[in-house]
Amino acid sequence: MNKVVGSHDLLLVTLDTLRYDVAQELAAAGRIPNLARHLPGGAWERRHAPGSFTYASHQAMFAGFLPTPATPGPHPRLFAARFAGSETTAGGTFVYDTPDLVSGLAAVGYRTVCIGGVGFFNKQGPLGSVLPGMFQESHWEPEFGVPSPTSFEDQVARAEKVVAGLPHEQRLFLFVNVSALHQPNWFHLPGATREAGDTRATHAAALEYVDRHMGRLLAAAGSRRPCFAIVCSDHGTAYGEDGYSGHRIGHDVVWTVPYAHFFVDEAR
(Lines give C-alpha, C1' and ligand atoms only; values in the text may rest on other atoms or scores of the structure.)
Protein backbone atom coordinates (compact mmCIF):
# COMPACT_ATOMS: atom_id res chain seq x y z
CA MET A 1 0.00 0.00 0.00
CA ASN A 2 2.98 2.34 0.37
CA LYS A 3 3.19 2.40 -3.44
CA VAL A 4 -0.56 2.96 -3.79
CA VAL A 5 -1.27 5.66 -1.21
CA GLY A 6 -0.33 8.98 -2.73
CA SER A 7 -0.49 7.82 -6.36
CA HIS A 8 -4.01 6.33 -6.52
CA ASP A 9 -7.47 7.37 -5.49
CA LEU A 10 -8.99 5.03 -2.90
CA LEU A 11 -12.50 3.59 -2.69
CA LEU A 12 -13.95 1.65 0.24
CA VAL A 13 -17.44 0.19 -0.26
CA THR A 14 -19.17 -1.66 2.57
CA LEU A 15 -22.11 -3.73 1.39
CA ASP A 16 -23.83 -3.44 4.73
CA THR A 17 -25.20 -6.75 6.07
CA LEU A 18 -24.22 -8.83 3.02
CA ARG A 19 -23.81 -12.53 3.78
CA TYR A 20 -20.84 -14.45 2.38
CA ASP A 21 -22.86 -17.46 1.24
CA VAL A 22 -25.35 -15.37 -0.70
CA ALA A 23 -22.62 -13.24 -2.29
CA GLN A 24 -20.66 -16.32 -3.36
CA GLU A 25 -23.71 -18.12 -4.77
CA LEU A 26 -24.69 -15.12 -6.89
CA ALA A 27 -21.16 -14.68 -8.22
CA ALA A 28 -20.95 -18.37 -9.19
CA ALA A 29 -24.36 -18.21 -10.89
CA GLY A 30 -23.48 -15.16 -12.97
CA ARG A 31 -26.08 -12.99 -11.25
CA ILE A 32 -23.72 -10.14 -10.26
CA PRO A 33 -21.63 -9.64 -13.41
CA ASN A 34 -20.45 -6.10 -12.69
CA LEU A 35 -18.92 -7.13 -9.38
CA ALA A 36 -17.80 -10.61 -10.44
CA ARG A 37 -15.58 -9.35 -13.24
CA HIS A 38 -13.41 -7.65 -10.62
CA LEU A 39 -13.24 -10.62 -8.23
CA PRO A 40 -10.09 -12.77 -8.48
CA GLY A 41 -11.21 -15.91 -10.26
CA GLY A 42 -14.76 -14.56 -10.19
CA ALA A 43 -15.12 -15.47 -6.49
CA TRP A 44 -15.26 -13.56 -3.22
CA GLU A 45 -12.64 -14.09 -0.55
CA ARG A 46 -14.05 -15.58 2.65
CA ARG A 47 -13.20 -13.41 5.65
CA HIS A 48 -14.23 -12.82 9.25
CA ALA A 49 -15.90 -9.53 10.14
CA PRO A 50 -14.28 -7.28 12.78
CA GLY A 51 -17.71 -6.70 14.37
CA SER A 52 -21.19 -8.20 14.42
CA PHE A 53 -23.04 -4.96 13.59
CA THR A 54 -22.44 -1.77 11.65
CA TYR A 55 -21.10 0.59 14.29
CA ALA A 56 -18.58 -1.79 15.82
CA SER A 57 -17.38 -3.11 12.48
CA HIS A 58 -16.86 0.31 10.92
CA GLN A 59 -15.02 1.64 13.96
CA ALA A 60 -12.62 -1.27 13.53
CA MET A 61 -12.28 -0.87 9.76
CA PHE A 62 -11.64 2.85 10.04
CA ALA A 63 -8.86 1.94 12.49
CA GLY A 64 -7.28 -0.26 9.80
CA PHE A 65 -8.78 -3.58 10.84
CA LEU A 66 -10.48 -4.75 7.66
CA PRO A 67 -12.19 -8.16 7.63
CA THR A 68 -9.60 -10.86 8.42
CA PRO A 69 -8.89 -13.76 6.03
CA ALA A 70 -10.67 -16.86 7.33
CA THR A 71 -7.46 -18.88 7.58
CA PRO A 72 -4.85 -19.09 10.36
CA GLY A 73 -2.68 -15.96 10.50
CA PRO A 74 -1.20 -13.58 11.28
CA HIS A 75 -2.24 -11.71 8.13
CA PRO A 76 -0.40 -8.49 7.20
CA ARG A 77 -2.78 -5.54 7.00
CA LEU A 78 -3.09 -2.95 4.25
CA PHE A 79 -3.40 -0.05 6.71
CA ALA A 80 -2.38 0.34 10.34
CA ALA A 81 -1.85 3.02 12.97
CA ARG A 82 1.68 3.11 14.28
CA PHE A 83 1.85 1.26 17.61
CA ALA A 84 4.41 -0.93 19.27
CA GLY A 85 3.97 -4.67 19.13
CA SER A 86 1.63 -4.91 16.15
CA GLU A 87 1.99 -8.37 14.63
CA THR A 88 0.06 -7.51 11.46
CA THR A 89 1.97 -4.40 10.40
CA ALA A 90 4.31 -5.41 7.58
CA GLY A 91 6.73 -3.69 5.22
CA GLY A 92 4.01 -2.94 2.67
CA THR A 93 1.48 -1.64 5.20
CA PHE A 94 0.55 2.03 4.98
CA VAL A 95 1.30 3.22 8.51
CA TYR A 96 -0.19 6.45 9.81
CA ASP A 97 0.39 8.49 12.96
CA THR A 98 -3.21 9.48 13.60
CA PRO A 99 -5.93 7.56 15.49
CA ASP A 100 -7.69 6.28 12.37
CA LEU A 101 -7.22 5.61 8.67
CA VAL A 102 -9.50 8.45 7.58
CA SER A 103 -7.46 11.15 9.31
CA GLY A 104 -4.27 9.34 8.34
CA LEU A 105 -5.16 9.68 4.66
CA ALA A 106 -6.21 13.30 5.15
CA ALA A 107 -2.79 13.97 6.69
CA VAL A 108 -1.07 12.91 3.46
CA GLY A 109 -3.30 15.05 1.25
CA TYR A 110 -6.42 13.01 0.51
CA ARG A 111 -9.89 14.53 0.40
CA THR A 112 -11.95 12.20 2.59
CA VAL A 113 -15.61 11.82 1.63
CA CYS A 114 -18.33 9.67 3.20
CA ILE A 115 -21.60 8.78 1.46
CA GLY A 116 -23.65 7.18 4.21
CA GLY A 117 -26.43 4.64 4.08
CA VAL A 118 -27.69 2.99 7.26
CA GLY A 119 -28.72 4.89 10.38
CA PHE A 120 -25.25 5.07 11.91
CA PHE A 121 -24.38 7.51 9.10
CA ASN A 122 -27.54 9.63 9.05
CA LYS A 123 -26.18 12.57 11.11
CA GLN A 124 -29.61 12.92 12.76
CA GLY A 125 -28.21 12.72 16.28
CA PRO A 126 -24.92 12.42 18.16
CA LEU A 127 -24.51 8.67 17.56
CA GLY A 128 -25.35 8.94 13.86
CA SER A 129 -22.71 11.67 13.54
CA VAL A 130 -19.71 9.80 14.96
CA LEU A 131 -18.70 7.82 11.86
CA PRO A 132 -19.44 10.48 9.21
CA GLY A 133 -17.78 13.04 11.50
CA MET A 134 -14.44 11.36 10.85
CA PHE A 135 -14.52 12.60 7.24
CA GLN A 136 -13.81 16.06 5.84
CA GLU A 137 -17.03 15.83 3.84
CA SER A 138 -20.06 13.63 4.45
CA HIS A 139 -23.39 13.12 2.72
CA TRP A 140 -26.63 11.49 3.80
CA GLU A 141 -30.20 11.89 2.59
CA PRO A 142 -33.33 9.87 3.41
CA GLU A 143 -33.12 8.54 -0.15
CA PHE A 144 -29.81 6.83 0.79
CA GLY A 145 -31.35 4.97 3.74
CA VAL A 146 -32.60 1.44 4.26
CA PRO A 147 -36.32 2.05 3.46
CA SER A 148 -35.57 3.48 0.00
CA PRO A 149 -35.97 1.14 -3.01
CA THR A 150 -33.59 3.42 -4.97
CA SER A 151 -30.97 3.92 -2.25
CA PHE A 152 -27.89 2.73 -4.10
CA GLU A 153 -28.52 4.47 -7.40
CA ASP A 154 -29.09 7.69 -5.44
CA GLN A 155 -25.83 7.15 -3.56
CA VAL A 156 -24.01 6.54 -6.83
CA ALA A 157 -25.41 9.75 -8.30
CA ARG A 158 -24.03 11.66 -5.31
CA ALA A 159 -20.64 9.96 -5.69
CA GLU A 160 -20.53 10.95 -9.36
CA LYS A 161 -21.25 14.55 -8.39
CA VAL A 162 -18.54 14.53 -5.71
CA VAL A 163 -15.92 13.13 -8.08
CA ALA A 164 -16.83 15.56 -10.85
CA GLY A 165 -16.44 18.52 -8.50
CA LEU A 166 -12.88 17.76 -7.41
CA PRO A 167 -9.79 19.40 -8.92
CA HIS A 168 -7.93 16.80 -10.95
CA GLU A 169 -4.80 16.99 -8.81
CA GLN A 170 -6.73 16.30 -5.57
CA ARG A 171 -6.40 12.72 -4.33
CA LEU A 172 -9.66 11.19 -3.08
CA PHE A 173 -10.60 8.64 -0.43
CA LEU A 174 -14.26 7.85 -1.09
CA PHE A 175 -16.23 5.70 1.33
CA VAL A 176 -19.73 4.42 0.51
CA ASN A 177 -21.90 2.52 2.98
CA VAL A 178 -24.46 0.64 0.88
CA SER A 179 -27.75 0.24 2.74
CA ALA A 180 -29.73 -1.77 0.18
CA LEU A 181 -28.91 -5.23 1.62
CA HIS A 182 -30.05 -4.28 5.12
CA GLN A 183 -33.58 -5.04 6.26
CA PRO A 184 -36.07 -4.08 4.88
CA ASN A 185 -35.09 -5.45 1.50
CA TRP A 186 -38.26 -7.30 0.44
CA PHE A 187 -39.08 -4.66 -2.18
CA HIS A 188 -36.10 -5.67 -4.34
CA LEU A 189 -37.69 -9.03 -5.24
CA PRO A 190 -40.58 -8.86 -7.73
CA GLY A 191 -43.69 -10.36 -6.20
CA ALA A 192 -42.49 -10.13 -2.60
CA THR A 193 -44.69 -8.33 -0.10
CA ARG A 194 -44.22 -6.30 3.04
CA GLU A 195 -46.40 -8.80 4.90
CA ALA A 196 -44.17 -11.74 3.92
CA GLY A 197 -41.13 -9.75 5.00
CA ASP A 198 -37.45 -10.18 4.26
CA THR A 199 -35.90 -13.51 3.33
CA ARG A 200 -32.63 -14.90 2.06
CA ALA A 201 -34.11 -14.58 -1.44
CA THR A 202 -34.91 -10.87 -1.04
CA HIS A 203 -31.41 -10.37 0.36
CA ALA A 204 -30.05 -11.90 -2.85
CA ALA A 205 -32.32 -9.73 -4.98
CA ALA A 206 -30.99 -6.66 -3.17
CA LEU A 207 -27.43 -7.64 -4.13
CA GLU A 208 -28.51 -8.00 -7.76
CA TYR A 209 -29.98 -4.50 -7.55
CA VAL A 210 -26.70 -3.14 -6.19
CA ASP A 211 -24.74 -4.89 -8.93
CA ARG A 212 -26.80 -3.20 -11.64
CA HIS A 213 -25.44 0.17 -10.52
CA MET A 214 -21.98 -0.85 -9.31
CA GLY A 215 -20.39 -0.24 -12.71
CA ARG A 216 -21.26 3.45 -12.48
CA LEU A 217 -19.65 3.78 -9.07
CA LEU A 218 -16.44 2.05 -10.14
CA ALA A 219 -16.29 4.10 -13.33
CA ALA A 220 -16.60 7.31 -11.33
CA ALA A 221 -13.97 6.18 -8.83
CA GLY A 222 -11.48 5.42 -11.59
CA SER A 223 -12.31 8.37 -13.84
CA ARG A 224 -9.51 10.67 -12.65
CA ARG A 225 -6.59 8.29 -12.13
CA PRO A 226 -6.14 4.61 -11.24
CA CYS A 227 -8.09 3.68 -8.12
CA PHE A 228 -7.55 1.00 -5.51
CA ALA A 229 -10.94 -0.36 -4.43
CA ILE A 230 -11.98 -2.45 -1.45
CA VAL A 231 -15.48 -3.95 -1.56
CA CYS A 232 -16.64 -6.00 1.40
CA SER A 233 -19.38 -6.60 3.91
CA ASP A 234 -19.20 -5.32 7.46
CA HIS A 235 -21.18 -8.28 8.85
CA GLY A 236 -23.81 -10.75 7.73
CA THR A 237 -27.31 -11.38 9.01
CA ALA A 238 -29.48 -14.37 9.93
CA TYR A 239 -32.76 -15.36 8.29
CA GLY A 240 -33.88 -18.05 10.70
CA GLU A 241 -30.72 -20.17 10.91
CA ASP A 242 -30.78 -22.04 14.25
CA GLY A 243 -33.72 -19.85 15.21
CA TYR A 244 -31.79 -16.58 14.87
CA SER A 245 -32.85 -13.48 12.97
CA GLY A 246 -30.83 -10.33 12.34
CA HIS A 247 -27.29 -9.60 13.54
CA ARG A 248 -25.36 -8.37 16.58
CA ILE A 249 -25.17 -12.06 17.48
CA GLY A 250 -22.35 -14.62 17.37
CA HIS A 251 -23.61 -16.80 14.51
CA ASP A 252 -21.41 -17.92 11.61
CA VAL A 253 -23.67 -16.25 9.02
CA VAL A 254 -23.03 -12.95 10.81
CA TRP A 255 -19.27 -13.29 11.30
CA THR A 256 -18.46 -14.65 7.81
CA VAL A 257 -18.33 -11.98 5.10
CA PRO A 258 -17.30 -11.53 1.46
CA TYR A 259 -14.25 -9.41 0.64
CA ALA A 260 -12.37 -8.27 -2.46
CA HIS A 261 -9.80 -5.64 -3.35
CA PHE A 262 -8.69 -4.73 -6.83
CA PHE A 263 -7.48 -1.89 -9.05
CA VAL A 264 -9.87 0.14 -11.19
CA ASP A 265 -8.49 2.11 -14.13
CA GLU A 266 -11.29 3.74 -16.08
CA ALA A 267 -9.36 6.97 -16.65
CA ARG A 268 -9.15 8.26 -20.20
Side-chain angles (χ1 to χ4, degrees), residues 1 4 10-29 31-32 34-81 86-90 92-94 100-102 117-118 120 131 173 175-182 200 203-204 206-207 210-211 214 217-218 227-239 241 244 246-264:
M1 290 310 296
V4 172
L10 303 173
L11 172 68
L12 171 59
V13 179
T14 53
L15 301 171
D16 204 293
T17 317
L18 177 60
R19 293 168 51 131
Y20 170 79
D21 55 355
V22 171
Q24 194 72 299
E25 288 170 12
L26 266 60
R31 293 170 60 183
I32 50 170
N34 291 311
L35 278 165
R37 72 185 184 92
H38 293 284
L39 306 179
W44 295 94
E45 183 180 353
R46 183 176 180 266
R47 292 203 173 196
H48 291 149
S52 64
F53 71 110
T54 300
Y55 187 79
S57 190
H58 281 82
Q59 283 281 17
M61 286 193 279
F62 291 159
F65 298 96
L66 296 169
T68 306
T71 55
H75 300 282
R77 287 186 289 141
L78 299 179
F79 312 99
S86 171
E87 296 182 350
T88 54
T89 300
T93 303
F94 172 67
D100 56 82
L101 173 62
V102 184
V118 304
F120 288 114
L131 296 174
F173 171 47
F175 165 74
V176 183
N177 172 254
V178 179
S179 66
L181 284 304
H182 197 286
R200 197 175 182 278
H203 187 82
L207 181 57
V210 168
D211 186 74
M214 184 59 71
L217 178 60
L218 296 177
C227 175
F228 181 78
I230 299 167
V231 181
C232 64
S233 176
D234 57 339
H235 59 80
T237 199
Y239 288 102
E241 291 84 3
Y244 289 105
H247 37 273
R248 202 162 53 85
I249 55 175
H251 197 281
D252 187 61
V253 296
V254 174
W255 286 109
T256 308
V257 295
Y259 174 95
H261 66 235
F262 48 86
F263 289 97
V264 180

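From a predicted model like this one, the values you see are computed outputs, not experimental measurements.
Distance CG/N34 to CG/D211: 4.5 Å, rounded to 0.5 Å. Within the model, atoms CG of D252 and OH of Y244 stand 12.5 Å from one another, a figure rounded to the nearest 0.5 Å. If you take CD1 on I249 and CH2 on W255, they are separated by 10.5 Å, rounding to the nearest 0.5 Å. Remark: C232 SG to E45 CD distance equals 10.5 Å, nearest 0.5 Å.
For the pair T14 and N177, the minimum side-chain heavy-atom distance is below 4.5 Å. Between I230 and L78 there is a side-chain heavy-atom pair separated by less than 4.5 Å. L66 is listed as a side-chain neighbour of M61, based on a closest heavy-atom distance under 4.5 Å. Inter-residue side-chain proximity for L218 and F262 is flagged as met; some heavy-atom pair is nearer than 4.5 Å.
Annotation: cation-pi geometry satisfied between R77 and F65 (NZ/CZ under 6.0 angstrom from ring centroid, within 45° of ring axis).
The side chain to side chain donor-acceptor pair (under 3.5 Å) search around T89 returns S86, not counting sequence neighbours.
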For a side-chain hydrogen bond (donor to acceptor under 3.5 Å, both in side chains) check, start with the C-alpha distance between H75 and T88, then their side-chain angles and the critical distance, and finish with the verdict. CA-CA 6 Å; H75 300 282; T88 54; over 6 Å; no
Verify ring-ring contact (aromatic ring centres under 6.0 Å, His included) between Y239 and H203, making sure each step is shown before the conclusion. CA-CA 9 Å; Y239 288 102; H203 187 82; 5.5 Å; yes
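Of all heavy-atom pairs spanning F79 and T93, the tightest one is C-CG2, 3.7 Å.
Side chain of D234 to backbone of T17: a donor-acceptor contact under 3.5 angstrom is found.
Side-chain N/O atoms of T237 and H247 include a donor and acceptor closer than 3.5 Å.
Partner E241 forms a side chain to side chain donor-acceptor pair (under 3.5 Å) with one of R19, R200, H251 and no other, that one being R19.
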